[in-house]
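Side chains are part of it too, since the values below use all heavy atoms of this structure and drop only hydrogens, waters and symmetry mates.
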Amino acid sequence: GVFAAKAPHLSTAADMEKLTPLPEMVIDTGYSKEELEDLCPIGTPVGFKPIYAELLNDCLAGKAFGDKACGTCAVFGIDAVRKTDLAGDVYFLFSAYEETGMTGARVAGFGIRPDYALVLDVTHASVPEAKDRSLPEFGSGVAIAASPVTNRRLTRIVTELCRMGNVPFTVDACPGSTGTNANVLGISGDGIPTALCSLPLKSMHTSCEALSMDDANALKKVVSAFIKSMRGSDVDAALYYLARMVQAGEDPKFIARRMVIFASEDIGLAGNGALSLATACFQAVERVGMPESGLILAHATVALSLSKK
């Protein structure tokens, strides 16, 4: 049958506060009253039957792809990275109530207090006769949000990671609210630097959404690159993460020790002299202290990032 109801995004705030009268809860089945009474008596629970299908050009059709697709991309993206390659502790948050107040992300933002966050969600893909606004093309890769609520520097780092890894992406202009958890994470605690990457979907919030697996694979690659970028050769990313750790009160000697380990495990003989430099950095930090050690750590960070791995 066909549900006859006003869509939530077309309802006013007053409509959302009211219960829908029973006579207005209508499903047009095409059956007569007598036939329906035999098939499903009054009070029988009903819902959308989920039907998933493979389409041409490596696309999928189904319902509720938003949370499921993004969560899957995050899991596979994290799983593709060795534990020794992680830039630090990684938290995977599959939050609740994103559509109704974002309370799950609000609580987690205060509870975890991460140094930075990468939010994954879906966005509307461009379709024929859509409203005159900039929408990412279906199958064009990851949509990276440019918004007042996302962190400009972190967004630039994600963009550069895509370029370095040849991951297709577009820029999705979000001049106001992003409609995602990025809105609340950016103002949680003392402010969590946040970037937003989205999957372009056709027919969002319906039982027949369309998803491109090329876009999903691109998002998975972004997750993998993001959580290990400290161990790559991205100088801007390395300096950014260093600054966040220092600002958060991390022990400078702990950071310097991690650099010594990094020089040995990740660089090794490929970058002759890296271990000596990292060891000298640790000794200097131990003797000089903060705030002067900030420059010493930055010097070593740049050198180790640029070393051959």
Item to complete: Could you check if a side-chain atom of Leu120 sits within less than 4.5 angstrom of a side-chain atom of Leu118, using non-hydrogen atoms only?
Response: yes
Worksheet item: Going by heavy atoms in the side chains, are Leu297 and Val285 under 4.5 Å from each other?
Response: yes
Fill in: Flag, side chain of Asp79 to backbone of Val75, donor-acceptor distance under 3.5 Å
no
Worksheet item: Same hydrophobic cluster for Leu55 and Tyr52, using side-chain heavy-atom links shorter than 4.5 Å among ILVMFWY?
Response: no
Item to complete: Give the minimum heavy-atom separation between Ser293 and Gly289, together with the two atoms involved.
Response: OG-O, 2.7 Å
Worksheet item: Can you find a pair of side-chain heavy atoms, one from Phe169 and one from Arg163, that are under 4.5 Å apart?
Response: yes
Item to complete: Output yes when a side-chain donor or acceptor of Tyr91 lies under 3.5 Å from a complementary backbone atom of Ala117, and no otherwise.
Response: no
Fill in: Side-chain (Thr150) to main-chain (Ala146) donor-acceptor, under 3.5 angstrom
no
Practice prompt. Using the ring of Phe76 (Phe, Tyr or Trp, six-membered ring only), decide whether Lys220 places NZ or CZ under 6.0 Å from its centre and within 45 degrees of its axis.
Written response: no
Worksheet item: Is the backbone N or O of Pro41 less than 3.5 Å from a side-chain atom of Thr44, with the two atoms forming a donor-acceptor pair by type?
Response: yes
Worksheet item: Do Val223 and Val119 share a hydrophobic cluster (ILVMFWY, side-chain heavy atoms under 4.5 Å, transitive)?
Response: no
Discussion item. If you compare all heavy atoms of Lys202 against all heavy atoms of Ser126, which two are closest, and at what distance to 0.1 Å?
Written reply: CE-O, 4.3 Å
Fill in: Heavy-atom side-chain proximity of Cys162 to Ile144 below 4.5 angstrom
yes
Worksheet item: For Phe226, which of Ile157, Val90, Leu154 qualifies under side-chain contact (heavy atoms from CB on, under 4.5 Å)?
Response: Leu154
Worksheet item: Roughly how far, to the nearest 0.5 Å, is NZ of Lys253 from CD of Glu286?
Response: 5.5 Å
Discussion item. Please tell me whether Leu295 and Ile255 are part of a single hydrophobic cluster in this structure, the criterion being side-chain heavy atoms less than 4.5 Å apart.
Written reply: no
Worksheet item: If you draw a 6.0 Å radius around CZ in Phe92, do more than 12 non-hydrogen atoms from other residues or ligands fall strictly inside?
Response: yes
Discussion item. Do Ser305 and Thr301 make a side-chain contact, defined as non-hydrogen atoms from C-beta onward lying under 4.5 Å apart?
Written reply: yes
Worksheet item: Which distance, rounded to the nearest 0.5 Å, do you find between the CD1 of Ile296 and the CZ of Arg287?
Response: 11.0 Å
Worksheet entry | Transitive ILVMFWY side-chain link Phe94 to Leu219, under 4.5 Å | yes
Worksheet item: What is the distance from atom NE2 of His299 to atom CG of Leu304, rounded to the nearest 0.5 Å?
Response: 9.5 Å
Practice prompt. Would you name the heavy atoms of Ala105 and Leu93 that are closest together and state the gap between them?
Written response: CA-CD2, 4.4 Å
Worksheet item: Taking the side chain as C-beta and beyond, is there a heavy-atom pair between Leu161 and Val167 under 4.5 Å?
Response: no
Fill in: Between Thr123 and Asp172: side-chain donor-acceptor atoms closer than 3.5 Å
yes
Discussion item. Quick check on Leu39: does its CG atom have over 12 non-hydrogen neighbours (other residues, nucleotides or ligands) under 6.0 Å away?
Written reply: yes
Item to complete: Decide whether Asn183 and Thr178 meet the rule of one side-chain donor and one side-chain acceptor closer than 3.5 Å.
Response: yes
Worksheet item: Going by atom types alone, do Ser32 and Glu35 pair a side-chain donor with an acceptor below 3.5 Å?
Response: yes
Discussion item. Return the SG to CG distance between Cys174 and Leu196, rounded to the nearest 0.5 Å.
Written reply: 6.5 Å
Fill in: Rounded distance [0.5 Å steps], CZ in Phe138 versus NE2 in His124
14.0 Å
Discussion item. Hydrophobic clusters here meaning ILVMFWY residues chained together by side-chain heavy-atom distances under 4.5 Å, can you tell me if Tyr116 and Val81 are in one?
Written reply: yes
Worksheet item: Which atom pair, heavy atoms only, marks the closest approach of Val158 to Ala195?
Response: CG2-CB, 3.9 Å
Fill in: Residue pair Val122 / Cys70, side-chain heavy-atom distance below 4.5 Å
yes
Discussion item. Any heavy-atom pair between the side chains of Val142 and Pro168 that's under 4.5 Å?
Written reply: no
Worksheet item: Does the Asn151 side chain pair with the main chain of Arg153, one donor and one acceptor, at a distance under 3.5 Å?
Response: yes
Worksheet, complete the sentence: What one should report as the nearest heavy-atom pair of Glu209 and Phe65 is OE1-N, 2.8 Å
Practice prompt. Determine, step by step, whether Ser203 and Thr206 satisfy the side-chain contact (heavy atoms from CB on, under 4.5 Å) criterion, reporting the C-alpha distance in whole Å, the side-chain angles of both residues, the deciding distance to 0.1 Å, and the verdict.
Written response: CA-CA 6 Å; Ser203 304; Thr206 71; 3.5 Å; yes
Discussion item. More than 12 heavy atoms of other residues, nucleotides or ligands under 6.0 Å from CG of Asp15: yes or no?
Written reply: yes
Fill in: Polar contact flag, side-chain donor to acceptor under 3.5 angstrom, Asp215-Ser140
no
Worksheet item: What are the two closest heavy atoms between Thr155 and Ala145, and how far apart are they?
Response: CG2-O, 3.6 Å
Worksheet item: Has the side chain of Thr194 got a donor or acceptor atom that lies under 3.5 Å from a matching backbone atom of Ile192?
Response: yes
Discussion item. Could you measure the distance from the CG atom of Leu199 to the CG atom of Leu201? Nearest 0.5 Å is fine.
Written reply: 6.5 Å
